[in-house]
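Every number for a ligand or one of its atoms is a count from 1 in the order of the listing. Note that the structure is a prediction, hence the values are computed from the model and not measured.
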Amino acid sequence: MAEKNALLTLPTGETITLPIYQGSTGPDVIDVSGLLKAGYFTYDPGFMSTAATESKITYIDGDQGILLHRGYSIEDLAEKSDYLETCYLLWYGQLPSKSEKEIFVQAITRHTMLHESLAHFFDGFHHNAHPMAMMCGAVGALSAFYHDVMDMRSEREREIAAHRLIAKLPTLAAMCFKHSIGQPFMYPRNDLSYSANFLYMMFGTPCEEYVVSPAVERAMDRIFLLHADHEQNASTSTVRLAGSTGANPFACVSAGIAALWGPAHGGANEAVLIMLEEIGSIENIPEFIEKAKDPNDPFKLMGFGHRVYKNFDPRAKVMKKSCDEVLAELNVTDPRLRIAMELERIALSDAYFIERRLFPNVDFYSGIILSAIRIPTSMFTVIFAVSRTVGWISHWQEMVSSPYKIGRPRQLYTGETERPYPD
Ligand code: ACO
């Protein structure tokens, strides 16, 4: 029951009572679903002020720069937890006990292999296909293997689907990379950690032993963890919308991957590196800053700005620290890093960026780390997709495990009204 109400007076003079609900934190929400009876829709392009659902998974306060998963801050998780433990937290709602964690890690590790037929799908892709294009197709294809056996009403089957997705996405991601460079696929290794196994499948070959550096393994795990979930973003909302039709969860995650691909969302980390290469040297930075500020130029500084964070992106802070550590540990002196740091300095002191509250986001630094650990630029968004899979599937599970409606927005129609077809 709502404790407060909002009153809306319509042009007819009629007053409508709209219940106001209070979450555990964050802005109150006005329930506008009753407006339809009065013959009105609400209008909010880009969902700037629309809460599309109730959720208990992730909380963001964009003004304060706060990101909580199930109540735990991203800073604490990045320092004290690891990716698979964070996956457990997102899916089950609580941190695992020691034995729960062991069982979970074991379950994920045992699901990393793919049906052998899936490998043949890759023969149909041209070698220079973008890895994200292959990911959309290959993850969607998983639904062909796990469709009839999946009863979404069963909690246990939903859990198995989640385990399969978290476990198999790194294997598929590495296959996309191997296909693009013409090397044989590497089978997963169950004796390695989640991150080390991914790096092994990416960089190992059957010809010689590949030893994963602990520093790189830690950096990879941190990247996975920092991207694990982010509330009702574009790709998560896409997964929820697709899932609201009762679609297979593997197909829903494939829809999420498609939404993530765009440069305004997950494609930004790839776009940051492309932009740094385009800038080329520190002397060229002012020219690019001017382009970014020019309202007639579509160019934007990639890795800057966020729909929700208008103060700073807490993930970016952790990622910057991680970035410094990785570059020092690996002794990498990447010229693009100097450009990135100078770009950050100038943008943070420029009135245009300050007034619009445009700060570096997580993608600004993650691209540099990924590049330092020799992940090719075209794989950046794929890695984001691997990380975010747990967020997508946790939101899907939250939706389908309680009563829900098909997602079906309405519109403000401004086209032609009915007219006669010419004789
Ligand atoms: N460079 C230059 N100007 C910018 C930038 C940028 N990166 N981002 C926003 N602006 C300007 C806009 O032009 C606009 O200016 P105006 O008020 O003079 O018209 C103002 O700042 C507000 O920007 P909006 O586009 O209205 O903000 P919105 O919340 O819709 O967009 C977005 C957020 C999409 C992230 C945007 O900032 C952007 O495109 N950034 C670059 C891409 C990027 O880094 N995306 C990653 C997001 S994080 C993630 O998905 C993990």
Is the ring pair H115/F145 parallel, tilted or perpendicular, if the boundaries are 30 and 60 degrees?
tilted

Would a 4.5 Å heavy-atom cut-off, applied to side chains only, mark I166 and Y194 as touching?
yes

Between S55 and E398, a side-chain donor and acceptor under 3.5 Å
yes

Proximity of F104 and H163 rings by center, below 6.0 Å:
yes

If you have a sec, work out which protein heavy atom is nearest atom 12 (C) of ligand 1 and how many Å separate them, to one decimal?
Y352 OH, 4.1 Å

Are any of the N/O atoms on F299, whether in the backbone or the side chain, positioned under 3.5 angstrom from an N/O atom of ligand 1?
no

Would you mind running through ligand 1 and noting each atom that sits below 4.0 Å from a heavy atom of A268?
43 (C), 44 (O), 45 (N), 46 (C)

Lys/Arg N to Asp/Glu carboxylate O, E102 vs K98, below 4.0 Å:
yes

Do NZ/NE/NH1/NH2 and the carboxylate oxygens of E75 and K317 come within less than 4.0 Å?
no

Going by heavy atoms, is F364 under 4.0 Å from ligand 1?
no

Pull out every atom of ligand 1 sitting under 4.0 Å from any heavy atom of P263, numbered as shown with elements.
42 (C), 45 (N)

Could you check whether K321 pairs with E325 (Lys NZ or Arg NE/NH1/NH2 to Asp/Glu carboxylate O, under 4.0 Å)?
yes

Please determine if L301 has a nitrogen or oxygen closer than 3.5 Å to a nitrogen or oxygen of ligand 1.
yes

A cation-pi test, strictly: NZ or CZ of R356 under 6.0 Å from the centre of the six-membered ring of Y352 and no more than 45 degrees from its axis. Yes or no?
yes

Does an N or O anywhere in R315 fall below 3.5 Å from an N or O of ligand 1?
no

Using a strict 4.0 Å cut-off to heavy atoms of R356, name the atoms of ligand 1 that fall inside it.
11 (C), 15 (O), 16 (P), 17 (O), 18 (O), 20 (C), 21 (O)

The closest protein heavy-atom partner of atom 30 (O) of ligand 1 is R307 NH2, 3.0 Å

Atom 25 (O) of ligand 1: which protein heavy atom is closest, and how many Å away?
K300 NZ, 3.3 Å

Examine ligand 1 and decide if any of its atoms is less than 4.0 Å from a heavy atom belonging to K310.
yes

Under 4.0 Å to a heavy atom of G305 - the qualifying atoms of ligand 1, by number
35 (C), 37 (O)

Between R357 and D63, does any NZ, NE, NH1 or NH2 come within less than 4.0 Å of an OD or OE carboxylate oxygen?
yes

Is the contact between D363 and ligand 1 made by the side chain, the backbone, both, or neither, using heavy atoms and a 4.0 Å cut-off?
side chain

For the 3.5 Å polar cut-off, considering only N or O atoms, please tell me whether F304 and ligand 1 meet it.
yes

The protein heavy atom nearest to atom 8 (N) of ligand 1 is L358 CD2, 3.5 Å

